[in-house]
Structure formats: structure tokens, C-alpha cells
Amino acid sequence: MLTKKEIRYCLDEIARMFPDAQCELNHRNPFELLIAVVLSAQCTDVLVNKVTKTLFEKYKTPEDYLNVPLEELQQDIRSIGLWRNKSKNIQKLCKMLIEKYDGEVPADRDLLMELPGVGRKTANVVASVAFNIPAIAVDTHVERVSKRLGICRWKDSVLQVEETLMKKVPKEEWGITHHRLIFFGRYHCKAQNPNCLECPLLSLCREGKKRTKGLERSNETK
DNA sequence: AACTCGGGGCA
DNA sequence: TGCCCAGAGTT
């Protein structure tokens, strides 16, 4: 397990690797952020950005999403997977926002999680990014990176990863830490064939050391 | 804990 | 072609 100081070093190095790790999501208002994150489940950020670009020109408010038939909304997001569920969830979600929260996005993680299509990860992203509520969203990237580096244990659950990160990272940096780890996981510490040999964190990384040893051996046997 | 949803991207 | 992807909901 890495110490706080080692984690500090990792996060600083990652910040240097991705100086513009400001997700586009940061620039949106809470409502658009919520829609974007709901859409992003199980598909890549690039694909979602392609859809939201035109989507947000057409739909500005929860009412806008309810003023079109479901079939029309489905067509508008059809290029991403799970569009059947997602379009239904978005209309239900908008209805709930109007009926329960006067059309506003609630600034509360538990209330967010009651919305259809919003789970723990989405609620944490919206809460921390849009409302500056202390929370760390753990997605597959954050989980994988944390486990490989040795920030947490391999067998830890998502909740345990979340707890560990909150314990070992200063509260003011929770939001940006989430984004940095995602960028690092998406573009460098990839799920398949991570390029450990060109990784600035190799000297600290539990999994990286294991993998590079394997590489040396396989090169020798060639 | 395991299963399902799902089209696009990429090797 | 086959495999994977910013998860969530159900069983």
C-alpha cells in the first residue's frame, strides 16, 4: 500500500502528464452535467460528447425533454449504446426534477441517487463537480488505477476504494483527483496493454513492476 | 454476485 | 469479426 506521500507524488506526476485534465463536463451547468453523465454509462467520453453537442442545443430544460415524444429523444441519442433505457430514464428523471425539485437539480448525493439512471458514480460526479460537495466518484478507470498503483487493495470493493481515496487525498482536491485519475486511466494506464515502460510512476507502481519484469523475461526468451 | 442492456470504436 | 467501453437496475 502506498503512503500518503507516495500518493501525493503520483497525483502530482499525473497532473503534469495531463495539465488540461479539465473535463468538458466542468463547463456545463448542473442539469447538462447530469444528463451528460447519465448518458456516459458504459460508453466512451468521445462518443457522448458527440451526442451532447447537438443535444444541448435542442434541449435546454427538463421541460424540453418532456415536450417531445420518447421516439424523438431516442433518435437523438441513438448513436450511443443503451439508448432505449437511457432515453426513458432521462424523461422520467426530468419529470421528477420538475415535480419534486421545481425543475432544479438537487444538490445532495442521496437525492441524486433516487433519480432513475443515476447510481453512486453519477451522483458523486454531479455532487462534487457541480456543487462542490466533498465526494470522489469511482468508475472503472479510478478503480483500476488505484488498485494497480497500490493506493488500495486488489480485492477492495468500489466503496472501499472510495473510502481509501477520501482518507488519503486532501479534501480540497477530491474533485480534481477524480478527473486526473480518469484521464490517467483512459489515456495512459489503460485496461489492456498499459505502457508501463514509459510511465513516470513505474518506480512506485505495484502492478507496473510486476508487468515490466514479465516483459523483460519475455524479451529474453525471444 | 451475476446478469443484462447495446451501438460505435478499434485491433 | 470479436472484444471492450465515464454503470445502473434487477434477480
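Lettering follows sequence order; numbering is per chain, from 1. What you see below is based on every heavy atom in this structure, not just the backbone, and it leaves out hydrogens, waters and symmetry mates.
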Interatomic distance, CZ@A/Arg211 vs CG@A/Leu197, rounded to 0.5 Å, equals 11.5 Å
Kindly assign one of parallel, tilted or perpendicular to the pair A/Tyr59 and A/Tyr65, based on the angle between their ring planes and the thresholds 30° and 60°.
parallel
Student check: side-chain heavy atoms of A/Leu55 and A/Leu39 closer than 4.5 Å
yes
Check ring-ring contact (aromatic ring centres under 6.0 Å, His included) between A/Tyr101 and all other residues, then give those that pass, not counting sequence neighbours.
none
In whole angstrom, give the distance that lies between atom CD1 of A/Ile90 and atom P of C/dA8.
13 Å
Separation between the P atoms of B/dG6 and C/dT11, rounded to whole Å
16 Å
Distances under 3.5 Å between protein N/O atoms and the N/O atoms of nucleotides 1-4 of chain B, please, pair by pair.
none

Can you measure A/Asp76 atom CG to B/dG7 atom C1' for me and round it to whole angstrom units?
16 Å
In this structure, how many angstroms lie between the C1' atom of C/dA6 and the NE2 atom of A/His179, rounded?
9 Å
All pairs passing side chain to side chain donor-acceptor pair (under 3.5 Å) where residues 145-156 of chain A contributes a residue, at least two apart
A/Glu143-A/Lys147
What residues in residues 108-122 of chain A put a non-hydrogen atom under 4.0 Å from any atom of DNA chain C?
A/Leu115, A/Pro116, A/Gly117, A/Val118, A/Gly119, A/Arg120, A/Lys121, A/Thr122
Show me the pairs that pass salt bridge (charged side-chain N to carboxylate O under 4.0 Å, His left out) and involve residues 80-107 of chain A, at least two apart or across chains.
A/Lys100-A/Glu114
Counting only non-hydrogen atoms, which of residues 144-157 of chain A are less than 4.0 Å from DNA chain B?
none
A/Glu163: side-chain hydrogen bond (donor to acceptor under 3.5 Å, both in side chains) partners, not counting sequence neighbours:
none
Using 0.5 Å steps for rounding, measure from the OH atom of A/Tyr9 to the CG atom of A/Leu2.
12.0 Å
Tested for side chain to side chain contact (heavy atoms under 4.5 Å, CB included) against A/Ile136, the lone hit among A/Leu181, A/Thr164, A/Val125, A/Leu165 is A/Leu165
Pair up each side-chain donor or acceptor in residues 105-113 of chain A with any protein partner under 3.5 Å, not counting sequence neighbours, and list the distances.
{"from": "A/Asp108", "atom 1": "OD1", "to": "A/Asp110", "atom 2": "N", "distance (Å)": "2.9"}
{"from": "A/Asp108", "atom 1": "OD1", "to": "A/Leu111", "atom 2": "N", "distance (Å)": "3.0"}
{"from": "A/Arg109", "atom 1": "NH1", "to": "A/Asn124", "atom 2": "OD1", "distance (Å)": "2.8"}

Which part of the nucleic acid does A/Ala191 contact within heavy-atom distance under 4.0 Å: base, sugar-phosphate only, or nothing?
sugar-phosphate
A/Phe184: what forms a ring-ring contact (aromatic ring centres under 6.0 Å, His included) with it, not counting sequence neighbours?
A/His188
Numerically ordered, the residues 77-88 of chain A set in heavy-atom contact under 4.0 Å with DNA chain C is A/Leu82
Between B/dT4 and C/dC4 - P atom distance, rounded Å
16 Å
Nearest whole angstrom, please: distance from the P of C/dA6 to the CZ of A/Arg180.
20 Å
Write down the distance between CD1 (A/Ile176) and P (C/dA6), rounded to a whole number of angstrom.
18 Å
Applying side-chain contact (heavy atoms from CB on, under 4.5 Å), name anything that partners A/Ser128, two or more places apart in sequence or on another chain.
A/Ala135
Given a cutoff of under 4.5 Å between side-chain heavy atoms of I, L, V, M, F, W and Y, with clusters grown through shared members, what are the other residues clustered with A/Leu202?
none
